[in-house]
Amino acid sequence: MFTRYTTGLAALLFVSAAPFAQAADKPTDPQIAHIAYTAGVLDVEAAKLAIKTSKNKEVVAFAKDMERDHEAVNKQALDLVKKLKVKPEDNATSQALSKAAEEERAKLAKLKGAAFDKAYIENEVAYHKQVNGALETLLIPSASNAELKSLLETGLKIFQGHEQHAEHVAGMLK
Amino acid sequence: MKAGALIRLSWLAALALTVAPAAAATIEVTIDKLVFSPATVDAKIGDTIEWVNKDVIAHTATVKGGWEVMIAPKKSASLTLKAAGAVNYFCRFHPNMKGRLVVAP
C-alpha cells in the first residue's frame, strides 16, 4: 500500500517535472510571461475545483487563498506585459504544463471526501515545488527585462509561502 | 539674573519631561514584497502597531495560539498592544514572512 502510494507520488512528480525539462533552451521574455501566467491560471483552476468539491474547512480556505493570490499576481503580470508591450507567446512548456494539469484535474474529479482533499493538497505541494524550482533555476535567470524579473522574484516569494502553507495543511490532514 | 531664570526654566522643562507619562506611540511596520520592515519592533503596552501593506495580495500578522490581524492588499490594519512580552508573528497565507514584537510593560 505504502509502496504503491510512493510510486504514485514519484510518478506524479516525474510527470509534473517533465514540462520544465523540455525548456532546456533559454526561454524568451514573451515565453516566460506566458509560462508564469499559465502556471497561475492552472492553480486557480485547481483551486476552483477544490472549492466546489471539498467539504474540509481548511482545504477550502487554502483553495480560496490560492485563487485570490494567483489571480492578483496574474493581474499584475497582465498589467506589466501591457505596459512593456510584450505579447505573451505560447510555447512547449506552457502546453506541457496545461496538459499535465488537465490530467491531474481529471484524476481529482474522480475523487471525493478525504481522498480528494489529500490528493489536492499533495498536488499543491508538488506543483508549487515544481514551479518554484523552475522560477529559481530557469525563468528568473533567463528573464532579461528588469521589471519582469522583479515580478517573478516577488512571485517566487509568494509561491514559496504557498508551498509552506500547503505543507502545513497537508500535515493537518494526516 | 537672566541666566538664573533660564536655568530654572530648563530645569522645569526637564522635570515636566520626567513626570509626564510616556505617550502611547503608533509604530508603523511596512509590508513590501513579503517582508515585514522593521522585522523586529520594540514597543510598550498601549502602543499601536500599524501594518501598511504595499503588496497586491492579502497578508496576516498571526501569533500562533494568539491574535491575528488581517491586512488587505494596499491597505493598513492596526493592533493596540495589551500584553508585555516578546512574540513572534508570521503571515498565515505566506508562512515565510516573519516578524517579532518586543513589548515592554
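Protein chains get the first letters and strands the later ones, always in sequence-line order, with residue 1 at the start of each.
- Remark: the backbone N or O of B:Ile57 is not paired with any side-chain donor or acceptor of A:Asp69 at under 3.5 angstrom.
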After noting the C-alpha distance and the side-chain angles of A:Lys157 and B:Lys33, does the key distance pass the side chain to side chain contact (heavy atoms under 4.5 Å, CB included) rule?
-> CA-CA 8 Å; A:Lys157 270 200 246 173; B:Lys33 295 182 175 161; 4.0 Å; yes
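- No more than 12 heavy atoms of other residues, nucleotides or ligands sit less than 6.0 Å from atom CD of A:Glu102.
- For A:Gln164, the parts lying near chain B are the backbone and the side chain together; criterion is any non-hydrogen pair under 4.5 Å.
- What you find for A:Gly161 and B:Pro95 is that their closest heavy atoms are O-CD, 3.2 Å.
- Between atom CZ of residue A:Phe159 and atom CG of residue B:Leu34 there is a gap of 10.0 Å, rounded to the nearest 0.5 Å.
- Under a hydrophobic-cluster definition in which Ile, Leu, Val, Met, Phe, Trp and Tyr are linked whenever side-chain heavy atoms come within less than 4.5 Å, directly or via other members, B:Leu79 and B:Ile71 are assigned to the same cluster.
- Put simply, A:Leu97 and A:Ile140 are part of the same group of oily side chains (I, L, V, M, F, W, Y) that touch within less than 4.5 Å, one to the next.
- By the criterion of side-chain heavy atoms lying less than 4.5 angstrom apart, applied directly or through intervening Ile, Leu, Val, Met, Phe, Trp or Tyr residues, A:Tyr120 is not grouped with B:Phe93; the two fall into different hydrophobic clusters.
- Connection of B:Phe90 to B:Val102 is not established within any shared hydrophobic cluster, with ILVMFWY side chains joined at heavy-atom distances below 4.5 Å, either directly or through further cluster members.
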